[in-house]
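Here the structure comes first, spelled out in structure tokens, and everything after it is commentary.
Because the structure is a prediction, the values reported are computed rather than measured.
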Amino acid sequence: MKNLISILCVAAALVFFTGVSNAQISTNGSSGLAGSYPDLASAITALNGATITSPVIISVDVGNPQTAPAGGYVITATGTVTNTITLTGNGNTITANAGLTAGNLNDAIFRLSGSDYVTIQGFSMQENAANTTTAAATNNMTEWGVALLYASATDGCQNVTIQNNTITLNRTYQNTFAIYSNSTHTFAAVTTSVPATGATGGNHNLKIYGNTISNVNQGIVVVGTTAAADQNTGLDIGGSSLAQGNSITNYGTTGTFSAYANVSGTVNGILIRNSNGFNCSYNTVTSSVGGVTAGTLYGIQQAAASVVPTTTFTNNITYNSISLKSGLASGAMNGINVPAGSASTTSTFNITNNDFNNFGHTVSGTGVITYIVTASVHLNTTISNNTFTNMTVNTTGSVTFISQTFTLTLAGGTKTVSGNSIVTGFSKTGAGGTILCVTDNGSSTTVVQSNCTNNNFSNITVTGATTLTGLSYTDGGTAPSRTVTGNTISNWTGGTSAINCMNFTYWSGSTSTLNTNTISNVTGQGAVTGITIGSTVITANPMSVSNNTINNLSSTGTGGAVTGITCSNTSPVININGNTINTLSSTGASLVSGISVSGATNTSVYKNKI
């Protein structure tokens with residue numbers, strides 16, 4: 001009898017431990033879920049069938065890698081603000097399925113379909129090594145690491161958090177997106193635009209934090225629905241600290257990929273569209289090294305909205321680190337790109353504290369490089385405290401550090417460029433094109449204030465026929481009031497083309513000033529000019545050009561004209577005073593001038609030291 005009891009106990013124990021060993025997924029047993037499941041697919045199936053009445057936690061036990069079902073894990077369950085759903089990977093690897101349907105353009109590792117209040121965290125997602133066919137029509141590849149799509153046009157994914165995951169696909173397949181949120185197409189027809197509608201159709205309040213993304217063509221893509229009233233709100237990519245920032249590396253192959261609805265046909269680390277009031281901060285965006293062989297390469301882009309927004313909001317692109325390398329000789333690169341069409345008459349845009357580093361071509365380049373460009377007409381635009389760190393580029397094309405190419409006519413509007421700087425130095429080894437440190441071109445009016453203050457664009461070296469211009473403001477219909485103060489330009493070595501350190505052609509208003517700037521140690525082989533004050537708009541009353549320091553300007557070789565300050569503006573009152581100008585020289589027979597004034601009858605030049 002005792003032996004029989006012992007045998008039965010052993011058998012029961014074996015059954016118990018076998019059950020435990022087969023359970024790879026643990027839950028908190030909430031909302032009718034079992035305490036454990038044999039695999040993640042079973043747990044998600046149970047989740048989708050449950051009525052969520054309390055917070056749900058599903059956790060993959062440590063040391064239990066999973067293979068996703070064909071097409072990916074599909075989550076349809078919806079939580080609430082109090083009854084949230086959390087899926088935790090504990091670092092386990094989820095490998096894409098090897099049996100994907102040939103030619104599909106909608107395979108994922110995780111896909112949320114109309115799910116709300118869901119967090120996906122701590123997974124390591126990867127493509128299956130057996131998936132190698134990249135032609136779109138016959139591909140057997142995984143398109144999305146995590147995808148958020150609507151279940152119906154009025155049922156999007158809201159209040160979703162994707163955090164602390166590692167996502168690695170295969171960027172040789174052009175249709176790879178690490179995190180993809182699009183409210184303008186169905187799951188079945190990704191290239192047909194069918195926008196979501198209403199307050200619940202979009203993917204609002206999406207949070208993307210702390211993910212490590214690599215080996216994809218596109219990093220993070222978020223496209224809201226098209227109607228102005230329904231566009232995304234609450235988007236946060238990167239949070240408020242380095243710990244929440246995403247790392248996107250080794251991305252980019254080609255801008256030629258399938259025409260996913262309302263997705264820009266360019267290569268992007270982060271692409272945002274139809275989204276208002278977003279934050280994109282603390283992310284590291286580093287492209288593949290020469291891997292882009294077709295198309296324009298972008299770091300962070302807010303593409304033009306499908307319909308111009310109408311609400312009041314603030315967009316922030318701040319504290320990001322961006323590095324781009326194109327393998328296409330003619331390939332253009334834009335660090336941060338904000339084209340026209342994504343602003344309202346009361347919106348604000350801040351592009352601040354970003355660092356640009358390690359840009360260039362991996363072949364002899366001819367493509368244009370622009371670090372920051374904005375053309376969208378917000379009420380207030382601020383570009384400040386961005387750094388451009390120790391770069392050498394080998395393109396013969398033009399390079400622009402900061403470009404504002406929009407007309408602002410909104411009363412009380414501001415355009416501010418402040419505190420931006422080159423760190424260590426910048427050199428362009430390809431001869432040709434133009435270098436522009438700051439350019440502002442448009443037809444802004446007198447109701448606007450333009451500020452250019454405390455920027456430092458020093459230590460620039462170019463070669464050959466490369467035109468070099470520091471601050472170039474040609475913005476003005478009737479021209480805004482303009483403050484230009486505290487800027488530094490020094491240690492420039494030019495080539496054979498002209499150098500113009502500061503160029504301003506539009507002057508208006510009663511408070512326009514160009515004061516306390518420093519220009520020093522600038523050498524070229526053509527014409528060299530410290531400050532140019534043009535005459536396109538001549539309505540400043542008064543205009544003050546004072547207390548600037550200009551020294552050590554020289555033209556060598558055959559020598560060109562060297563000028564400290566030249567003014568052809570004929571505004572009613574112009575005061576040029578208190579400036580210190582010295583050590584100007586040319587080795588040629590060209591004119592060397594401290595201050596040159598032409599065409600004006602009301603220009604006062606006094607108390608300058610030359």
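Looking at every heavy atom in both residues, Asn386 comes nearest to Asn353 through OD1-N, 3.3 Å. Between Thr82 and Pro55, the shortest heavy-atom contact is O-CG, 3.3 Å. Minimum interatomic distance between Ser193 and Asn262 (heavy atoms only, all atoms of both residues): OG-ND2, 3.1 Å. When all heavy atoms of Val216 and Gln218 are compared, the closest pair comes out as CG2-O, 3.1 Å. Closest non-hydrogen pair, Val267 versus Gly252, comes out as CG1-CA, 3.4 Å. Residues Asn64 and Gln24 approach most closely at OD1-CG, 3.2 Å, considering heavy atoms.
Counted by atom type alone, Ser281 and Thr318 present one or more donor-acceptor pairs between their side chains at under 3.5 Å. Inspection of the Thr172 and Thr134 side chains reveals no N or O donor paired with an N or O acceptor under 3.5 Å. Looking only at atom types and distance, the side chain of Ser403 has no donor-acceptor partner in the side chain of Thr405 under 3.5 Å away. Residues Thr254 and Gln174 bring no donor and acceptor atom of their side chains to less than 3.5 Å of each other. Side chains of Gln301 and Asn268: a donor on one and an acceptor on the other come within 3.5 Å. Side-chain contact check for Ser342 and Ser376: at least one donor-acceptor pair (N or O, by modelled atom type) lies under 3.5 Å. Side-chain polar atoms of Thr374 and Gln404 form no donor-acceptor pair below 3.5 angstrom. The closest side-chain donor-acceptor pair between Ser214 and Thr168 falls under 3.5 angstrom. The closest side-chain donor-acceptor pair between Asn279 and Asn316, if any, does not fall under 3.5 angstrom.
Counting heavy-atom neighbours within 6.0 Å of Tyr319 OH, excluding the residue itself, gives a total of 12 or less.
Between the side chain of Asn217 and the backbone N or O of Thr253, at least one donor-acceptor pair lies under 3.5 Å. Looking at Asn28, its side chain does come within 3.5 Å of a backbone N or O of Ile57 through a donor-acceptor pair. In this structure, Thr225 contributes its side chain and Ala196 its backbone to a donor-acceptor pair below 3.5 Å. With hydrogens and angles disregarded, no donor-acceptor distance shorter than 3.5 Å links the side chain of Thr366 to the backbone of Thr396. Judged by distance alone, with hydrogens and angles left aside, the side-chain atoms of Lys325 form no donor-acceptor pair with the main-chain N or O of Gly291 at under 3.5 Å. Under the 3.5 Å distance criterion, the side-chain polar atoms of Asn165 are matched with a main-chain donor or acceptor of Gln163. A donor-acceptor pair under 3.5 Å links the side-chain atoms of Gln231 to the main chain of Thr226, judged by distance alone. For Thr429 (side chain) and Val393 (main-chain N/O), a donor-acceptor pair under 3.5 Å exists by modelled atom type. Looking at Asn159, its side chain never comes within 3.5 Å of a backbone N or O of Tyr117 through a donor-acceptor pair. Between the side chain of Gln126 and the backbone N or O of Thr93 there is no donor-acceptor pair closer than 3.5 Å.
For the pair Ile237 and Asn246, the minimum side-chain heavy-atom distance is below 4.5 Å. Proximity of Leu324 to Ile369: side-chain heavy atoms (C-beta onward) are nowhere separated by under 4.5 Å. Counting heavy atoms from C-beta outward, Ile179 and Ile167 have side chains that approach closer than 4.5 Å. Leu206 places none of its side-chain heavy atoms less than 4.5 Å from the side chain of Asn232. Side-chain atoms of Phe406 and Thr381, non-hydrogen and from C-beta on, do get closer than 4.5 Å to each other. With contacts defined as side-chain heavy-atom distances shorter than 4.5 Å, the pair Ile85/Ser115 does not qualify. Counting heavy atoms from C-beta outward, His361 and Met333 have side chains that approach closer than 4.5 Å. Looking at heavy atoms from C-beta onward, Ser344 lies out of side-chain contact with Thr310 at the 4.5 angstrom threshold.
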(message) Run the side chain to side chain contact (heavy atoms under 4.5 Å, CB included) test on Arg111 and Asn106 for me, step by step, so that the C-alpha distance in whole Å, both residues' side-chain angles and the decisive distance to 0.1 Å come before the verdict.
(response) CA-CA 9 Å; Arg111 174 166 63 87; Asn106 53 9; over 6 Å; no

(request) Test Ile52 against Leu47 for side chain to side chain contact (heavy atoms under 4.5 Å, CB included), laying out the working first. (result) CA-CA 8 Å; Ile52 308 303; Leu47 172 69; 3.9 Å; yes

(message) With side chain to side chain donor-acceptor pair (under 3.5 Å) as the criterion, how do Thr138 and Thr133 come out once you've worked through the C-alpha distance, each side chain's angles and the decisive distance to 0.1 Å?
(response) CA-CA 7 Å; Thr138 58; Thr133 303; 5.8 Å; no

(message) Checking Asn139 against Leu105 for the side chain to side chain contact (heavy atoms under 4.5 Å, CB included) test, could you report, in this order, the C-alpha distance in whole Å, the side-chain angles of both residues, the deciding distance, and whether it holds?
(response) CA-CA 8 Å; Asn139 88 86; Leu105 300 177; 3.9 Å; yes

(request) Evaluate the ring-ring contact (aromatic ring centres under 6.0 Å, His included) criterion for residues Phe388 and Phe426: first the C-alpha distance (whole Å), next the side-chain angles of each, then the deciding distance (0.1 Å), finally the verdict. (result) CA-CA 8 Å; Phe388 309 90; Phe426 177 86; 8.7 Å; no

(request) Carefully, step by step, assess Ser258 and Val190 under the rule side chain to side chain contact (heavy atoms under 4.5 Å, CB included). (result) CA-CA 9 Å; Ser258 298; Val190 298; over 6 Å; no

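The residue from Leu33, Thr86, Thr88 that alone fulfils the side-chain contact (heavy atoms from CB on, under 4.5 Å) condition with Ile58 is Leu33.
Here Asn357 contributes atom CG and Thr286 contributes atom OG1; the two are 7.0 Å apart, rounded to the nearest 0.5 Å. Distance check: Asn90 CG to Phe123 CZ gives 8.0 Å after rounding to the nearest 0.5 Å. Distance check, rounded to the nearest 0.5 Å: OG of Ser241 to OH of Tyr209 gives 9.5 Å. We find the OG-CG distance between Ser321 and Asp355 to be 5.0 Å, quoted to the nearest 0.5 Å. The CG atom of Asn92 sits 8.0 Å away from atom CG of Asp61, with the distance rounded to the nearest 0.5 Å. For the atom pair CD1 (Ile322) and CD1 (Ile372), the distance works out to 8.0 Å, reported to the nearest 0.5 Å.
Under the 30°/60° scheme for interplanar angles, the aromatic rings of Tyr260 and Phe177 are found to stand perpendicular. Taking the six-membered ring for Trp and thresholds of 30 and 60 degrees, Tyr371 and Phe359 have ring planes more than 60 degrees apart, a perpendicular arrangement.
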Could you pull out every donor-acceptor pair under 3.5 Å between side chains of residues 71-78 and any protein atom, sequence neighbours left out?
from, atom 1, to, atom 2, distance (Å)
Thr76, OG1, Asn48, OD1, 3.3
Thr78, OG1, Gly114, O, 3.3

